[in-house]
Amino acid sequence: MNITNHQSLSYKRNKLFLDNHCINSITKHIKTPFYLYSVKALESNYLNFYNEALENQIKDPLICYALKANSNIHLLRRLKRMGAGADIVSGGELKQALKAKISPQKIVFSGVGKSEEEIKLALNCHKNGIYSFNVESIEELEMIGDVAKTLKKKARVALRLNPQVNVKTHKHISTGGRSHKFGILKDDIEKALRRKKLWTHIDLVGMSMHIGSQLTCLKATEKALNELSKICLNINHDLEFLDVGGGLGVPYSEDQTLCSLQEYMSLIKKVLNKHFIEIPRVVFEPGRYIVANCGLLVTEVIRTKQSAHNKFIIVDGGMNDFVRSSLYGAYHHVLPISKRNGKLSSCHVVGPICETADSFASDRELPLLKSKDRICIGDVGAYGHTMSSTYNMREKVKEYIIGLDGKLVK
Ligand code: LLP
């Protein structure tokens, strides 16, 4: 049986397989809960993304993978080998990208709260600093200019536009609205460009945007990219690139309507062709698209509990290990590693944490599950481990990787 919409997961003789590897056979000796990633899925997602950009006449695209989605060093090294750059939001992520040997010339630094120390770190990591600070306020621009001056350097900068668009996604992860903390309003960009003194230690090399995550429709992207292109043309300044951010949504369930990678890239081509004689270099910052379907959380049933008409499957993984379901009410597949035939029944899959929100699924139709059975939470490669914590004094959840040869790497 294939799990609809899923490239890497399938059932064979009632056993769950990740890329042709039987999860039970290769992980039965590992203590749960743990994350399990597939290198094959990772590489195929990256290549799809890159090739689709080329297909759409986007020459020399720079794919700055957003580390916040998953910063596992082995996965980063794989992405680096395929040519990826990095989108980072902290000094810690900068160090991790450099540890994976990602070139500073392929690193963009986003985020509204870059500290003086982080700016210094980024400027000092190479004689030319990093590819771009994606600046989110004039106040930040002033700080970057000051730091660059003391270091006798010039900082490469792109201004992140706040395009004032409303995006169809969960409100916690929509970032392009006028009242949001992200990006700079158009009028403020124009004012900043007139302040000549601001620019003595700064090279303006690009314009950027990022309007939200898990975007399932392209309307707001089209509007924002039109705005971004118009600003680039109006400011009368030679720019090296346009950074279109990340945000492309992925299918977490069968009944979701989504825009495809093809539609996304062809929209970018269409909008840029409308404004520019030749499409400028495009920087992308995908996170979720590259890693979401590469990862599973494997967890074991501690016990089941019947309470009135509610059937709870209590597992050893909790919201501290994977928080998306609790925090955003996000849907994720629940898949037994070994499936029993027979009647399905409606269950709540919950963890051991002392919060009612500690739940992976409510009213989910599942086959019979017993103590010590293992299940997987699907599509947790993005914003899974990176958002995990040690809440309730639990150990930080571990990560394992299935390499191309089917061998397990810790
Ligand atoms: N670039 C910037 C500036 C971002 O803020 C983000 C994500 C990305 C790129 C990557 O976006 P992606 O392609 O992954 O959608 N924890 C939430 C998602 C938060 C996204 C934050 N920013 C979740 O689990 O859904």
Taking all heavy atoms of His275 and all of Leu233, pick out the closest pair and write down the distance. O-CD1, 3.4 Å
Between the CG atom in Asp146 and the CD atom in Glu116, the distance rounded to the nearest 0.5 Å is 8.0 Å
Do we see a donor-acceptor contact under 3.5 Å between the side chains of Arg288 and Tyr252? yes
Between Leu366 and Val349, does the side-chain contact (heavy atoms from CB on, under 4.5 Å) criterion hold? Intermediate values first, please. CA-CA 10 Å; Leu366 291 172; Val349 181; 3.7 Å; yes
For the pair His170 and Arg324, evaluate side-chain contact (heavy atoms from CB on, under 4.5 Å) and give the outcome as yes or no after the intermediate values. CA-CA 11 Å; His170 192 285; Arg324 294 198 75 254; over 6 Å; no
Give me the ring orientation class for Phe49 and Tyr289: parallel if the planes are under 30° apart, tilted from 30 to 60°, perpendicular past 60°. tilted
Looking only at non-hydrogen atoms, find the nearest pair between Gly317 and Pro352 and report the distance. O-CD, 3.4 Å
Verdict with reasoning, Met319 to Glu355, per side-chain contact (heavy atoms from CB on, under 4.5 Å): CA-CA 9 Å; Met319 65 188 282; Glu355 299 217 21; 3.9 Å; yes
d(Ile189 CD1, Leu228 CG) to nearest 0.5 Å is 8.0 Å
Specify whether Tyr331 and His333 have parallel, tilted or perpendicular ring planes, treating 30° as the upper limit for parallel and 60° as the lower limit for perpendicular. perpendicular
Using every non-hydrogen atom in the two residues, find where Asn162 and Phe182 come nearest and quote the distance to one decimal. ND2-O, 3.1 Å
Between Leu248 and Phe284, does the side-chain contact (heavy atoms from CB on, under 4.5 Å) criterion hold? Intermediate values first, please. CA-CA 10 Å; Leu248 183 60; Phe284 296 90; over 6 Å; no
Check: Leu267 and Lys270 side chains under 4.5 Å, non-hydrogen atoms: yes
Heavy atoms, side chains only, cut-off 4.5 Å: are Pro61 and Leu54 in contact? yes
Would you indicate whether the side-chain heavy atoms of Asp243 and Glu285 approach each other to under 4.5 Å? yes
Do Thr299 and Ile375 have side-chain heavy atoms sitting under 4.5 Å apart? yes
Could you walk me through whether His332 and Phe322 satisfy the ring-ring contact (aromatic ring centres under 6.0 Å, His included) test, starting with their C-alpha distance in whole Å, then the side-chain angles of each, then the deciding distance to 0.1 Å, before giving a yes or no? CA-CA 11 Å; His332 284 264; Phe322 180 69; 4.8 Å; yes
ring-ring contact (aromatic ring centres under 6.0 Å, His included) assessment of Tyr131 paired with Phe241: CA-CA 11 Å; Tyr131 188 65; Phe241 66 88; 4.9 Å; yes
Check whether any side-chain heavy atom of Ile107 lies under 4.5 Å from a side-chain heavy atom of His126, and answer yes or no. no
Between His348 (side chain only) and Asp363 (backbone N and O only), is there a donor and an acceptor less than 3.5 Å apart? yes
Which pair of non-hydrogen atoms, one from Ser90 and one from Glu118, has the smallest distance, and what is that distance? CA-OE2, 3.5 Å
Check: Gly249 main-chain N/O paired with Gln214 side-chain donor or acceptor under 3.5 Å: no
Does some side-chain heavy atom of Ile268 sit less than 4.5 Å from a side-chain heavy atom of Val244? yes
Name the residue from Pro286, Cys64, Ser208 that meets the side chain to side chain contact (heavy atoms under 4.5 Å, CB included) definition with Asp87. Cys64
Tyr11 versus Pro336: any side-chain heavy-atom pair under 4.5 Å? yes
For Arg374 and Ile30, which heavy atoms make the closest approach, and how far apart are they? NH2-O, 2.7 Å
In the structure I gave you, are the side-chain heavy atoms of His385 and Lys396 within less than 4.5 Å of one another anywhere? yes
Around atom CG of Asp238, are there more than 12 heavy atoms from other residues, nucleotides or ligands closer than 6.0 Å? no
How about Lys269: does its NZ atom have over 12 heavy atoms from other parts shown lying under 6.0 Å from it? yes
Least distance between heavy atoms, Ala224 atom then Ile211 atom: CB-CG2, 3.9 Å
Is the cationic atom of Arg78 (NZ for Lys, CZ for Arg) positioned less than 6.0 Å from the six-membered ring centroid of Tyr37 and within 45 degrees of its normal? no
Measure from NZ or CZ of Lys114 to the centre of the six-membered ring of Phe133 and say whether it is under 6.0 Å with the direction within 45° of the ring axis. no
Counting only heavy atoms not in Lys186 (residues, nucleotides, ligands), do more than 12 fall under 6.0 Å from its NZ? no
